[in-house]
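Any value given below was found using the heavy atoms of this structure, including those in side chains, with hydrogens, waters and symmetry copies removed.
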Amino acid sequence: MPRIGVDATAVAPAGKGHARSQRKLVESLAALGRYEIVAYVRAPEAATLLPGVETVVLGPGRAISWEQIGMRRALRGLDLLVTLADRLPVGAEGRIVVWLFELPTHRIAENRRLGARGYQRGSDLLTAAMWRHSLARAARVVTGSQATADELGMGSPVVYPGLDDGFGPGPGREGRYVFHLASSDPRDNTGVVLDAFGRIETDAELLVGGGLGALEPGLRARAGARVRFLGRVSDEDLVVLYRGAAAYVDATLYEGFGYQVLEAMACGAPVVASALTSIPEVVGGAGLLCDPRDPHAIAAALRRVLEEPGVAAGMRERGFEQAARFTWTRTGEGFGAVLDAELA
C-alpha cells in the first residue's frame, strides 16, 4: 500500500482548529484502509489520540525547522506527505499535498496590525516570501472551501472538513437568548453584532462567548444592558449554548471555513450569518445570510427569527439537513481521490 505521511504537528489533547482538522484527517484517511498512514506529531500525548496509526514523535521545535528539514527527511520514506502548512521544503515540494483553508496574507496582515515582533515578525516575512512559490510547486493544493479556491486562483479541488463528534441536538441552556461566538480577531466583527442586536426590541439576551483579548474594553463599551459576556467556554458548554439558542449570529468578514455556523446548525440553532467568503457554502439555504457590514440587515434577520416561530422552526430543520452533509467520511473519500490521482 502507498505510504502517506500526515503533518499532525498541531494535534494536542485540548487542540482546536488545525489540531482537530489534522487529527480527523488522519483518522478518515486511515479508515479508507488503502494507505499506510504515518502521523508526525510533536508530543507523546498527541500520539495517544491516534490509536492504531503509526506515529513519529518529533519533539518540540520551531515550525520552520519541521517545514524545511523535518518534512524533507520524512519524505525519504513516504510516497506523499499531506500538510496544512503553506511553507514547503525548497526543492522537495513535488511530493507534498497541501490542504489550505485560507491564504496566509490575511494572517500576516492581522499580525502586522497587532504589531508582531521578534520570531513572529520574522516568520511572517518568510511566509510572505515563500508561500506562492511553495504552493505553485506542490504536488496538489486542496482547499477547504470554494471561496479559498477562487481567491487562490489555481483551480484547486475543494474538500470540505467534517463536523466534529459531539455537535448535535439535545438539551440546551435555559432562557431566551441569541448566541454569538467571538474572539480577539477583529474579523469576527463582534461590534456590528452588538450594534445589530441593540436595534431589536426583544426580551432575549445576547450571550457573547469567547476570549476577546485587547478588543474587550471597546466591545463592552458598545454593549447594551441585554448583553452578557461569558468569556471562554468549554467544548461542553459550547454545545449547550448552541442547542438552547433562539438564534446563532455570525457576522464574520473572512472565514476559510465556517466551523461555528456548521456546529450551530448541527445543534439546532437557527443561523443568521455573513454572506461573505466560505459562509454561504456551509450554510447553504438553511440560514439567513446578510451583509456583515450592515447592522440593519442583521437586525432585520434576527427580528424574523425571534418573532416568527415558523421561520425559526424551518431554519432548524434545514440546518440539521445541511450540517449532515459535512462528514469526515466524505472528507476522507474526497481527499483519498486526490491522493489516488497523484499516486497514479
Side-chain angles (χ1 to χ4, degrees), residues 145-147 169 172-183 185-210 212 215 218-230 238 241-255 257-323:
S145 69
Q146 188 61 51
R173 180 175 174 137
E174 294 183 359
R176 182 168 164 80
Y177 62 90
V178 172
F179 181 45
H180 169 67
L181 192 59
S183 74
D185 191 334
R187 67 184 179 181
D188 287 340
N189 208 21
T190 298
V192 171
V193 172
L194 296 174
D195 292 347
F197 188 75
R199 299 172 188 274
I200 304 171
E201 292 185 7
T202 178
D203 60 351
E205 292 183 294
L206 174 63
L207 303 185
V208 180
L212 302 174
L215 299 179
L219 291 173
R220 284 187 177 274
R222 294 172 69 170
R226 293 175 292 120
V227 178
R228 291 168 60 190
F229 292 90
L230 306 178
L238 179 60
L241 284 161
Y242 282 142
R243 288 172 175 170
Y248 176 74
V249 58
D250 187 324
T252 184
L253 297 170
Y254 180 87
E255 199 69 58
F257 181 81
Y259 280 107
Q260 287 76 36
V261 293
L262 175 60
E263 295 164 357
M265 290 189 300
C267 292
V271 168
V272 173
S274 169
L276 299 183
T277 61
S278 68
I279 301 300
E281 298 175 55
V282 181
V283 174
L288 299 179
L289 301 177
C290 311
D291 181 344
R293 296 155 297 204
D294 185 352
H296 298 278
I298 297 170
L302 284 172
R303 197 176 293 115
R304 285 193 65 194
V305 177
L306 294 173
E307 296 179 359
E308 301 179 39
V311 170
M315 290 171 67
R316 285 192 181 92
E317 290 305 312
R318 293 193 300 275
F320 287 138
E321 295 172 1
Q322 178 70 2

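- Under the 4.5 Å side-chain criterion, counting only non-hydrogen atoms from C-beta, Val178 is in contact with Leu306.
- If you take CG on Leu181 and CG on Leu207, they are separated by 11.5 Å, rounding to the nearest 0.5 Å.
- Interatomic distance, Ile279 CD1 to Leu289 CG, rounded to the nearest 0.5 Å: 9.0 Å.
- The shortest heavy-atom contact between Leu276 and Pro292 is CD1-CG, 3.5 Å.
- To the nearest 0.5 Å, the span separating CZ on Arg303 from CD1 on Ile298 amounts to 12.0 Å.
- Looking at Arg318, its side chain does come within 3.5 Å of a backbone N or O of Gly285 through a donor-acceptor pair.
- For the pair Arg173 (side chain) and Gly244 (backbone), a donor-acceptor distance under 3.5 Å is absent.
- Here the shortest heavy-atom pairing between Glu205 and Phe197 reads C-CZ, 3.5 Å.
- Summarising the geometry, atom OG belonging to Ser274 is positioned 11.0 Å from atom CG belonging to Asp188; distances are rounded to the nearest 0.5 Å.
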For residues 260-273, which side-chain donor-acceptor pairs fall under 3.5 Å, sequence neighbours excluded?
from, atom 1, to, atom 2, distance (Å)
Glu263, OE1, Tyr242, OH, 2.9

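- When every heavy atom of Leu230 is checked against every heavy atom of Gly209, the shortest pair comes out as CB-CA, 4.3 Å.
- Formation of a donor-acceptor pair under 3.5 Å by the Ser278 side chain with backbone atoms of Ala147 is not found in this model.
- Pairing each heavy atom of Arg199 with each of Pro295, the nearest pair is NE-CB, 3.7 Å.
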Evaluation steps, side-chain contact (heavy atoms from CB on, under 4.5 Å), between Thr190 and Leu215 = CA-CA 9 Å; Thr190 298; Leu215 299 179; over 6 Å; no

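- Taking every heavy atom of both residues into account, Arg222 and Val192 meet most closely at NH2-N, 4.1 Å.
- Distance check, rounded to the nearest 0.5 Å: OH of Tyr254 to CG of Asp185 gives 11.5 Å.
- Closest approach of Ala247 to Val305, counting heavy atoms only: CB-CG1, 3.9 Å.
- Judged purely by atom type and a 3.5 angstrom limit, Glu281 uses its side chain to pair as donor or acceptor with the backbone of Gln146.
- In this structure a side-chain-to-backbone donor-acceptor pair under 3.5 Å is missing from Arg176 to Thr202.
- Not one N or O on the side chain of Tyr248 forms a donor-acceptor pair closer than 3.5 Å with the backbone of Phe179.
- Proximity of a side-chain donor or acceptor of Asn189 to a complementary backbone N or O of Leu253 within less than 3.5 Å is not detected.
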